[in-house]
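Please read the structure below before turning to the comments.
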Amino acid sequence: MLRCDRVYEKSKQRLKLREVGYSGLTLLFSDINITPTLVKNLLNQVVSADPVVNYKDLMALVQLTHRAGPSVRLLVCKKLYQLLQSQQDAAVQISRQMCWQETLVRLFMRAPGAGEGPAGGSRGGDSSSTASLDLSRGSGPPLDKRGFLEASFVGRTIVGTDEERDTSDSVGDSRSVDSLDTGELLSLGDTPTPADGPKAPWAGKALGLSLDLTQTRLYEGGDSGSQTPGSAPSTPSPLETTKPFPGGGGPPSEREAATSSSFGEDSFLFSDDMSLGESFSSLERTEEELSRMLLEVVLCVMWRGVEGSDDAAWLERGQVFSALTKLGTANELVLPVDHIKLSLLERMLEWAVTDNREATAAMLPQHTENAVRLLHMLQDFLQAEGLVNPALWSEKVLEEAVTLMDSLMVWYSSGAQWLQLSQVGIRLLLGFMAQDDMQVCAMATAKLNTILQTKQVETQDEACYLLGRLEGILSRSVREQTETYSFLIPLLRTLLSKIHKLLYMELHLPSLPDTNGSPSFFEDFQLYCSSPEWRLYLDKYIIPYMKQYEIETFSQGHETMALFWKDCFEGFMVNLHRRERERGESKIRFQEQFVEPFSRRGRQENLRYNSMLKQLHSQHSAILRQWKAARRGLVCERGPWADRQQSEMHWRVSSAENYSRMRLKLVRNYNFDLHREASALRDNLGVQQQQVCAQSLLLEAVKQVKVSDLEEDMLELPEDDPGGGNNLGESEEAGQKEKLVLWEDCELVTVVDVTPGRLELTTHHIYFYDSSTEKEEGVGNDFKWPLSQIREIHLRRYNLRRSALEIFLIDQTNYFLNFKKEARNKVYSRILLLRSLSLYGTRSPQELLKASGLTQKWVNREISNFDYLIQLNTIAGRTYNDLAQYPVFPWILADYTSEELDLSDPRVFRDLSKPVAVVNERNAKAVREKYESFEDPTGTIDRFHYGTHYSNAAGVMHYLIRVEPFTSLHIQLQSGRFDCADRQFHSIPATWQTLMDNPNDVKELIPEFFYFPEFLENGNGFDLGRLQISKERVNDVILPKWAKSPEDFIYKHRKALESEYVSAHLHEWIDLIFGYKQRGPAAVEALNVFYYCTYEGAVDLDAITDEKERKAVEGMISNFGQTPCQLLKEPHPVRLSLEEVEKRKARLDTCPLSIFEHFTELKSFFVEGISDNVPLVKAMVPKNQSHSFISQGSPDTLVTLSQNGLMGTHSWLPYDKNISNYFTFIKDPTVANPKTQRFLGGPFSPGVEVTARLFVVSHDGKLLFSGGHWDNSLRVTSLLKGKTVGQHIRHMDIVTCLATDYCGIHLISGSRDTTCMVWQVLQQGGAPVGLCPKPVQVLSLPVSIMHLAVSWEGRLVVHTCIEGKATLKDRNALHVYSVNGKHLCTESLQEQVTDLCVSGEYIVLGSEQGFLSIRDLYSLALCAAPMAMRVPVHCVSVTKEQSHALVGLQDGKLIIVGVGKPAEMRSGQITRKLWGSSKRLTQISSGETEYHTRDQN
């Protein structure tokens, strides 16, 4: 592209990275892809892209190869060498680049794995990144020599403090003084993909080019010039020692981790690319050539490129040695550091000789100055490093140094500088003479002898120095008997002759052998040098003066060189910082201009790709579900391909509730697990002890977040919310476009799991999208509901945090959603504004209870004890969705051993005024003493009576262990195993006895004890183990003796709950759990104080910042238990007795008596003129009729339907103001006038018997749903207009029966085509307006059922008729089944049932023989003698108050059965206007038209 003429110049500049530079690019390369091909191409681009080479970019590429193998580095060195040879200014340009010394010297570093053992293994760190090194950290032997810097700084170096050294660990690291860490970036070659999604196809390493951005850091662009290098905390001490050289190369991750402190990404040590076919020998040759080539490059730049001979130039050259020292301290180089330095000095001496020899007159001073500085540097290097490494005193150095000094004529020049240089030269010669190398020693001795022969020794100090040093060498050679002695004797002879008089040797050394041509001087002096005279002379006169001379002559030079090296090192570090900052800035620019746009586009493509994959996955999952459902339908026991051996069916509890919040239903469990492994792992050791231990570990964390004062959970709603207020009325319009109002991340809390997801609120619907990664068969807990379906919405707590909402829908489903604390109220406010719900929910639970009127209803016996308790639990925040806040019910009985249960005996009941733990008086004393003796030293934990709680997750699972999903939850709590059998819930009498004996066991009951018999049976056949003592296998729960079956236990237990004793004392238990005895002094007095963490508001989880710690505390709260919200702060009122209720009803005009409480006093009244001589097939009062405020007390609608389709809507009141307990009926005037009569549209199919089963009236009395039509349709008729408003044809045959659920939300239709369809009733403004065009579900039920009714609690009453039997009794039977299909009882009937209905605990039946009978729902026994209606009965129903039964007869009469207790006319009658009538009530009452019936004998 760069060579192409069609590419714009602007694009070419962008390709050349002119704005950002190559530094940013090189920082982002992945180490594994730095190959020769890549480097060649990049080099060609940098070198050949422009006529003038950009050396800054070239040096960036050199830095890139620091992480590559020797072959790649050699490639770069050759290119640099070619440039230096071919371009005159190349060396100068390179020397002008920032920190070029470190860039080039780092190429000497050996790649990991290049050798064996410590020399070749990967190293744990990079010395260049470390400012202070500790010898004690070395795993290998430390270097036994001092660095030349160390020698230079003897006693004067500035060593940083530990803190300074630590902060200076990384020069280029993002944590250095002038840089910042902005976190990790994404890899260009590895675009981000979601955790659960596949990797994008472009995520591979295309063309071997990959940029690894995972370790990059951004550098700030500030200037560090405000800090002097000497004071900067990141300036390392020159006194550096070794880092360990661990042997062996670890995995790349370890190497990367070990080098994470090195400066910049270029300092990482990476493995060489061995795919190039390098063997070990070829690797050595490559390293040898690399070192040779690199020496030439470095020498050329530092000697030819750095121009001048001033201090600045030599600081630049000295930084090469600083870089070598720093790099070599803890890194292995291809050559030893000393060897590299020596080679550089040798070549520099050689070049200095050449320069001086060939210099012009103009350049001679500069070359001379360079030569002088070089000789001083050489002397400092040899005196420091040479002391510990004699090999540095090489023959070549001696030869070049002598040649250079001879060319400078230092021995004979005058002046202080030359004198000093000559002294340095003599010192060097003496140093070489002291070496063991004979050749070096001989050359140095000969040279010094020559000099002394022609040079005069001027001073006594100099003479002492020469004699002392020479004698030291001579003495050592004598002791060691080396040949050096023979070299030294001529020199000694010359020296003694020069200084004999100067040092007064005649006086001090009379025995000194004659030096003038004595042939035996060699042997004589050898003996003399060990004489006392000679030793005394040396020690007393020579040695002290020699030392003094050395100090005076050479100490200044040492100090000068020490300062020089210090300046070099600090200059090097400053340049290094600046270079790294420039690289960081380059990287930021590269990221902004290249990486981020690429990553952004990659993310977009990735999201698009993953969205497509998700759609495919959802589609496949949906298809899979449909196939599985189809297969189940085809091979089930009633399917066409039914398996002969049906697999055993297993069940789990459904979340479906009835209006009393009973979860009665079991559903098929297609993912059943028998948990054999959990049974096998069962262990009788106490798991509870482990839990206590875990809780004790969290105690400190909980203490720290204790909340002292409890605030009410109140919510201030905005007065004017533009987001929601404007949509208040519009949202009801069906045609309005749906708009998103808000969305929030949240968690859907269910009894099984906590599912993360997103809640979206629109103007019409509420949506939840499951975002969990694990979804069963690809389907999560997504849901969508119209806002109009919301019945209630409550503020909730979750893990003692005020962060949750519980939404209740009209069909009794509910959802528990947990939000971030601040988001909860926002979502709640918007839902209220959109839905226009009652604002009760915005109040505290106490106010909500007061506003609901439930307490007064319970006191007046308008609701049952069960309903009141379940509603109290709901208001107090108890929910089926959270095991830690499960509804709590009381133990009510104390007798579990008698053969019969006598509910009239108070002794069979538990004392409800005390906590269950102290019902036994013996426990009360121990509990009280425990409370009074407890004292927390920290003052955090308040006193408490019980360390456990009456309601917690473990307790719920304890009771429900036999039904899924609680079995699985129990196993999960017990770490994958069943708890041991003796601790399981296996016997109700034994559980009660344990409570009586153990004051620490305070478990109350759960609602299932009063309605759900299935939890007492091991229907799934789990292996629950054997009891330790009796070895009896635990299976079904052992029942009290007075219970014959689980159903019998539930029935009698529920009867006990509703008994007179419990009604009279239940308020005392409510005070303990929900009322004023829950907290404060009353709780202490009642022995009812629990551990403080169980009370709402006691712990502020948001104060715990550590995520793991917060999760642990949440788990502890969840398992430990939570006390319900306190609903009452004063004593709860007492319930009225039955006698008081009777008296109250007698005083009220509008309280009709229930027909089921006065079987012996029933009377029948008739109404004529509705459907004369045409059978009346439907007569009912819809139960949910709404009235406006001004029409309260006005009549309800009573709907009648004749066999010919005549519809009537009459007025009905269940009472008469004047005649007590009678009713008021106002006939619809349209039924008698042929002109105004309203008939059901469309003919019925021929042969279809028009009965009550074909018709359903909506709960508000506005719509009539009908079947039996000729076109197989299901029709919707408006009762007000008398017109058909809907027609739905989905069945393949005639619709034969219709029914509605208790809520009025769903309609069920049955047809001759053997299918049932479930339809959703459309709601608008809370009122039914029609049916959805498509059914919700289609069921196949090929069975002949004549009549069917469902009770409040789900009991199914079925009437069957078997054809071919001779008598009515053999043919007709009544059956009762539980909601889960268990047969409970059967009763043969002596009559042909035409219609039946269930009301409360009773069944009302009408027969073809003309009898109306009432039977008990549980036993099917007659409650009273059947009432004879004289003609066949066609329909029966009971009014919503249970005050009257409506019976439609074959002759068209409407019979109304009520309690006949006429009282005298009351005084002070009030004339009231009825809706649409000005007649007095007595004038329209039908109470006097009695229908005389005959009792059946």
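Computed from a predicted model, the values in this text were never measured in an experiment.
Within the 4.5 Å cutoff, the side chain of Leu1005 has heavy atoms near those of the His1053 side chain. Leu1446 has its side chain within reach of Ile1456: a pair of non-hydrogen atoms, C-beta onward, lies under 4.5 Å apart. For the pair Asn658/Gln812, no side-chain contact is recorded, criterion being any heavy-atom separation below 4.5 Å from C-beta on. Residues Leu795 and Leu805 are in side-chain contact: their nearest non-hydrogen atoms beyond the backbone lie under 4.5 Å apart. Counting heavy atoms from C-beta on, the side chains of Tyr1418 and Asp1048 never come closer than 4.5 Å. Side-chain contact between Leu872 and Ile1073 is absent, with no heavy atoms from C-beta onward closer than 4.5 Å. By the 4.5 Å heavy-atom criterion applied to side chains, Ile1155 and Val1404 are not counted as neighbours. Contact annotation: the side chain of Pro1214 never approaches that of Asp1196 to less than 4.5 Å [non-hydrogen atoms, C-beta and beyond].
At least one donor-acceptor pair under 3.5 Å links the side chain of Thr1439 to the backbone N or O of His1444. For the pair Asn998 (side chain) and Thr994 (backbone), a donor-acceptor distance under 3.5 Å is absent. Distance alone, capped at 3.5 Å, is enough to place a donor-acceptor pair between the Asn1380 side chain and the Leu664 backbone. Side-chain N or O atoms of Glu1014 include none that pairs as donor or acceptor with a backbone N or O of Val653 at under 3.5 Å. Asn860 places no side-chain N or O within donor-acceptor distance of the main-chain N or O of Glu862, the cut-off being under 3.5 Å. Side-chain N or O atoms of Tyr946 include one that pairs as donor or acceptor with a backbone N or O of Leu1087 at under 3.5 Å. The backbone N or O of Asp895 lies less than 3.5 Å from a partner atom in the side chain of Trp1042, making a donor-acceptor pair. Judged by distance alone, the side chain of Asp1071 and the main-chain N or O of Gly1075 form no donor-acceptor pair under 3.5 Å. Side-chain atoms of Tyr886 never come within 3.5 Å of backbone atoms of Pro1007 as a donor-acceptor pair (strictly under, hydrogens ignored). No donor-acceptor pair closer than 3.5 Å links the side chain of Asn873 to the backbone N or O of Arg878.
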Kindly determine whether Glu657 and Tyr880 satisfy side-chain contact (heavy atoms from CB on, under 4.5 Å), including the steps that lead there.
CA-CA 10 Å; Glu657 297 178 9; Tyr880 285 114; 3.3 Å; yes
Taking it one step at a time, do Phe1090 and Val1002 satisfy side-chain contact (heavy atoms from CB on, under 4.5 Å)?
CA-CA 10 Å; Phe1090 295 87; Val1002 295; 4.1 Å; yes
Residue pair Ser654, Arg663: steps toward the side-chain contact (heavy atoms from CB on, under 4.5 Å) verdict
CA-CA 7 Å; Ser654 168; Arg663 295 195 168 188; over 6 Å; no
Please report the C-alpha distance between Ser864 and Asp867 in whole Å, then the side-chain angles of each, then the deciding distance to 0.1 Å, and finally whether the side-chain hydrogen bond (donor to acceptor under 3.5 Å, both in side chains) criterion is met.
CA-CA 5 Å; Ser864 67; Asp867 286 336; 3.2 Å; yes
In sequence, state the C-alpha distance, the side-chain angles, and the governing distance for Lys1003 and Phe985, and then conclude on side-chain contact (heavy atoms from CB on, under 4.5 Å).
CA-CA 12 Å; Lys1003 283 194 294 291; Phe985 175 52; over 6 Å; no
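Between Tyr959 and Phe966, the gap from one ring centroid to the other reaches at least 6.0 Å. In summary, the aromatic rings of Phe1009 and Phe1015 are positioned with their centroids under 6.0 Å apart.
For the atom pair OH (Tyr1095) and SG (Cys1125), the distance works out to 13.5 Å, reported to the nearest 0.5 Å. Once rounded to the nearest 0.5 Å, the distance linking OH of Tyr1011 with CD1 of Ile1006 reads 7.5 Å. Put simply, CZ on Phe1223 and CD on Glu1441 are 13.5 Å apart, with the number rounded to the nearest 0.5 Å. Atom NE2 of residue His1158 and atom CG of residue Leu1153 lie 5.0 Å apart, to the nearest 0.5 angstrom. Taking CZ of Arg1415 as the reference point, atom CG of Leu1422 lies at 4.0 Å (rounded to 0.5 Å). Annotation: the span from Leu893 atom CG to Ser1059 atom OG amounts to 8.0 Å, rounded to 0.5 Å.
The closest side-chain donor-acceptor pair between Thr1123 and His949 falls under 3.5 angstrom. A donor atom on one side chain and an acceptor atom on the other are found under 3.5 Å apart for Arg661 and Thr874. Using a 3.5 Å distance cut-off with no hydrogens or angles, the side chains of Thr948 and Asp1001 do not pair a donor with an acceptor.
Contact between Pro915 and Asn1088 at its shortest, heavy atoms only, is CG-OD1, 3.8 Å. Here the shortest heavy-atom pairing between Gln1126 and Gln846 reads O-NE2, 2.9 Å. Summarising the geometry of Pro845 relative to Leu1127, their closest heavy-atom pair is CB-CD2, 3.5 Å, with the distance given to 0.1 Å. Pairing each heavy atom of Arg1135 with each of Asn865, the nearest pair is NH1-OD1, 2.7 Å. Nearest approach of Ile870 to Pro887, heavy atoms of both residues: CD1-CB, 4.3 Å. Contact record, Leu800 with Thr1094: CD2-O, 4.4 Å, taken as the closest heavy-atom pair.
Screening Phe909, Trp992, Phe1010 for a ring-ring contact (aromatic ring centres under 6.0 Å, His included) involving Trp891 leaves a single residue, Trp992. With Leu1072 as the partner, the side chain to side chain contact (heavy atoms under 4.5 Å, CB included) test is satisfied by one option alone out of Gln1078, Glu1004, Lys1077: Lys1077. The residue from Glu1060, Glu1139, Glu1140 that alone fulfils the salt bridge (charged side-chain N to carboxylate O under 4.0 Å, His left out) condition with Arg861 is Glu1060.
The environment of NZ in Lys1052 is crowded: more than 12 heavy-atom neighbours from other residues, nucleotides or ligands sit within 6.0 Å. Heavy-atom contacts from other residues, nucleotides or ligands closer than 6.0 Å to NZ of Lys1044 number more than 12.
Residues that satisfy the side chain to side chain contact (heavy atoms under 4.5 Å, CB included) test with Thr855, not counting sequence neighbours, are Leu849, Val859, Tyr868, His1132, Pro1133.
A cation-pi arrangement is present between Arg1054 and Phe866 under the rule of less than 6.0 angstrom and at most 45 degrees off the ring axis.
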